[in-house]
Amino acid sequence: LRGMSVALCLLLSLGVNTASAEESMDGPPKYLGVVTCAGSTCHGAGHPVGDARISQTEFLSWHRDDAHSKAYRVLIEDKGQRIARNLGIDNAASAPECLTCHATYVPADVRGKRFQLSDGVSCESCHGPASKWLGQHVTGEASREDNIKAGMYRTEEPVARATLCLSCQLGTQDKFANHRLMGAGHPRLSFELDTYTLLQPAHYRVDADYRERKHLAPHVQVWAIGQTSAAARTFDLFTSEKWASKGPLPEFAFFDCHACHHPMSEPRWAPRETTGLPPGVPRINDAHVLMLLYLTKAIEPALSEDLHKSLLALHKASTESREATMSAATALKEVVKKVQDKVRAHSFSDAETVTILDSLVKGGVAGDYRDFAAAEQAVMGVHALADSLTDAKHWSESQAGAIAAQIKVLYTVLADQNAYQPARFSGEMQNLAAALK
């Protein structure tokens with residue numbers, strides 16, 4: 001009886017009325033809106049609750065600090081409206097093309113009474129429609145697996161998280177930030193799962209209770225899964241008829257932006273062994289595949305060779321014809337899928353992590369990251385791998401501090417994509433190599 005009373009009080013404090021509870025029993029799952037998470041006895045407390053299993057301030061962390069909560073607002077600001085006008089859209093805040101990633105954009109028939117598009121990328125965008133699991137969740141009696149079975153999304157699992165994040169950070173068969181959108185003013189998109197997870201304001205605390213309820217993958221595993229997921233998704237979209245351009249070249253969004261968009265007063269071209277391309281040729285953005293080359297060298301060298309050959313074939317085909325390019329991209333996609341299967345089943349040892357880290361750094365010293373996108377992925381990868389080794393106490397405290405300081409310097413080299421200097425980057429990678437010895 002006491003448990004039932006607590007549950008009823010919680011439901012009332014959350015604003016979940018009897019009608020909402022009845023909605024959850026029948027029909028498709030519904031999105032109830034952030035108000036159902038924001039009660040002070042659930043996730044909307046003003047201060048962390050000391051003896052609770054969670055901080056209970058999760059809603060406020062999202063609302064105050066998380067860019068996802070402000071995603072809808074971007075559409076009504078000057079920049080969002082300007083992009084919309086360039087695209088011939090009357091109002092970005094009502095355009096499905098914009099709302100699919102700037103809000104929890106779901107069909108009207110699965111929106112609860114208190115659901116609002118203006119909440120932006122809300123709790124249910126990541127955790128799933130709440131109508132089926134909310135009641136049992138607030139009682140505190142349901143297990144994690146009970147909630148998952150009822151429709152809560154398993155965000156702590158790297159594969160599931162990568163799939164979810166990439167739906168907007170890269171795209172799906174239904175939505176994609178193509179070159180038309182970027183040409184209208186939309187920012188360039190990039191993604192690395194481990195780094196982007198850390199950049200989000202934490203609305204959970206990793207303690208013994210968290211570890212008991214949820215799987216916590218090491219940074220190296222999250223990084224590797226994120227890279228394979230991004231590469232696989234890229235070439236799924238690259239070879240999709242839906243996102244094919246109408247011209248002789250593939251959709252421009254798949255090319256390296258900075259191969260064309262850079263100051264003409266600063267010639268940057270230099271040969272890169274992993275492309276085999278001469279100067280003056282637009283390059284397909286292969287940053288994620290480049291990371292996989294270094295990754296697979298450590299865990300399955302033969303697969304790395306296959307990946308390298310397939311990547312070279314794609315770059316060569318891109319200078320021949322659209323048909324040849326699509327054929328080569330399809331072949332590369334199959335190799336990437338093999339890498340993806342390998343990585344998902346692999347547990348990385350500290351020795352392998354060290355090997356991958358050293359390989360990434362040597363690539364930087366050798367000048368393999370002349371492209372900004374590749375340099376960006378390399379630094380985020382180095383950071384993730386170093387964090388894994390630091391967590392494993394692989395280094396002394398002083399060496400870990402020196403490595404962290406040099407990684408911070410590398411981020412400063414990437415601070416302005418328009419002012420990126422490959423030679424400076426290689427020099428700072430040399431400094432990192434010294435710190436790792």
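What you see below is based on every heavy atom in this structure, not just the backbone, and it leaves out hydrogens, waters and symmetry mates. One-based numbering along the sequence shown.
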Just checking, any donor-acceptor pair under 3.5 angstrom between side chains of [X] and [Y]?
X: D286; Y: H315; answer: yes
X: R161; Y: T197; answer: yes
X: D146; Y: Q136; answer: no
X: T104; Y: Y72; answer: no
X: E300; Y: H346; answer: no
X: Q417; Y: R188; answer: yes
X: Y294; Y: D368; answer: yes

*Would R111 and Y31 count as a side-chain contact (heavy atoms from CB on, under 4.5 Å) if you check the C-alpha gap in whole Å, the side-chain angles of each, and the deciding distance to 0.1 Å?*
CA-CA 5 Å; R111 299 178 188 178; Y31 292 76; 5.6 Å; no
Can you tell me how far [atom2] of [Y] sits from [atom1] of [X], rounded to the nearest 0.5 angstrom?
X: T163; Y: R233; atom1: OG1; atom2: CZ; value: 6.0 Å
X: H102; Y: I76; atom1: NE2; atom2: CD1; value: 12.5 Å
X: C98; Y: L87; atom1: SG; atom2: CG; value: 7.0 Å
X: F252; Y: C260; atom1: CZ; atom2: SG; value: 7.5 Å
X: I403; Y: L385; atom1: CD1; atom2: CG; value: 11.5 Å
X: I284; Y: S318; atom1: CD1; atom2: OG; value: 4.5 Å

*Apply side-chain contact (heavy atoms from CB on, under 4.5 Å) to V361 and L436, showing your working.*
CA-CA 10 Å; V361 174; L436 288 170; 3.8 Å; yes
Please examine the side chains of [Y] and [X], heavy atoms only from C-beta on, and report whether any two atoms are closer than 4.5 Å.
X: P250; Y: F238; value: yes
X: L290; Y: Q377; value: no
X: C165; Y: Y196; value: no
X: F425; Y: V379; value: yes
X: L312; Y: T275; value: no
X: W395; Y: L389; value: yes
X: F255; Y: N285; value: no

Would one find more than 12 heavy atoms of other residues, nucleotides or ligands at under 6.0 Å from atom [atom1] of [X]?
X: K70; atom1: NZ; answer: yes
X: K338; atom1: NZ; answer: no
X: K393; atom1: NZ; answer: no

*Step by step, would you call Q227 with L295 a side-chain contact (heavy atoms from CB on, under 4.5 Å)?*
CA-CA 10 Å; Q227 290 296 328; L295 166 64; 5.5 Å; no
Checking [X] now: which residues fulfil side-chain hydrogen bond (donor to acceptor under 3.5 Å, both in side chains) with it, not counting sequence neighbours?
X: Q200; result: H68
X: S310; result: none
X: H219; result: D194, D391
X: T296; result: S304

Kindly give the heavy-atom pair with the smallest separation between [X] and [Y], and that separation in Å.
X: F235; Y: T239; result: O-OG1, 2.7 Å
X: R322; Y: A244; result: NH2-CB, 3.0 Å
X: A375; Y: Y420; result: CB-OH, 3.3 Å
X: L292; Y: A231; result: CD1-CB, 3.8 Å
X: A232; Y: V336; result: N-CG1, 3.6 Å
X: L32; Y: S131; result: CD1-CA, 3.9 Å

Looking only at atom types and distance, does a side-chain atom of [X] sit under 3.5 Å from a main-chain N or O of [Y], one as donor and one as acceptor?
X: Y210; Y: I54; answer: no
X: T234; Y: A230; answer: yes
X: D371; Y: A374; answer: no
X: T228; Y: I225; answer: yes
X: E124; Y: G33; answer: yes
X: S245; Y: L249; answer: yes

*Are E145 and R154 ion-paired here, with the side-chain N under 4.0 Å from a carboxylate O?*
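Yes.
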*Would F176 and F254 count as a ring-ring contact (aromatic ring centres under 6.0 Å, His included) if you check the C-alpha gap in whole Å, the side-chain angles of each, and the deciding distance to 0.1 Å?*
CA-CA 11 Å; F176 178 54; F254 295 113; 5.1 Å; yes
_By the side chain to side chain donor-acceptor pair (under 3.5 Å) test, which pairs, at least two apart or in different chains, include something from residues 56-65?_
H43-E58, S55-T57, S55-E58
Tell me every residue that passes side chain to side chain contact (heavy atoms under 4.5 Å, CB included) with [X], counting only those two or more places apart in sequence or in another chain.
X: S321; answer: E323, A324
X: A177; answer: L181, L189
X: H383; answer: D387, I407, Y411

*Check disulfide bond (SG atoms under 2.5 Å apart) between C101 and all other residues, then give those that pass, not counting sequence neighbours.*
C168
*Among pairs that include at least one residue of residues 89-107, which meet salt bridge (charged side-chain N to carboxylate O under 4.0 Å, His left out), considering only residues two or more places apart or in two chains?*
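Of all non-adjacent pairs touching residues 89-107, those that pass salt bridge (charged side-chain N to carboxylate O under 4.0 Å, His left out) are E97-R180.
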*Report yes if the distance between the aromatic ring centroids of H258 and F372 is under 6.0 Å, otherwise no.*
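Yes.
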*Excluding sequence neighbours, so at least two apart, what forms salt bridge (Lys or Arg N to Asp or Glu O under 4.0 Å) with K337?*
D236
*Under the salt bridge (Lys or Arg N to Asp or Glu O under 4.0 Å) test, which residues partner E428, sequence neighbours left out?*
none
_salt bridge (Lys or Arg N to Asp or Glu O under 4.0 Å) partner of E156, chosen from R213, K214, R144_ =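 Among R213, K214, R144, the one meeting salt bridge (Lys or Arg N to Asp or Glu O under 4.0 Å) with E156 is R144.
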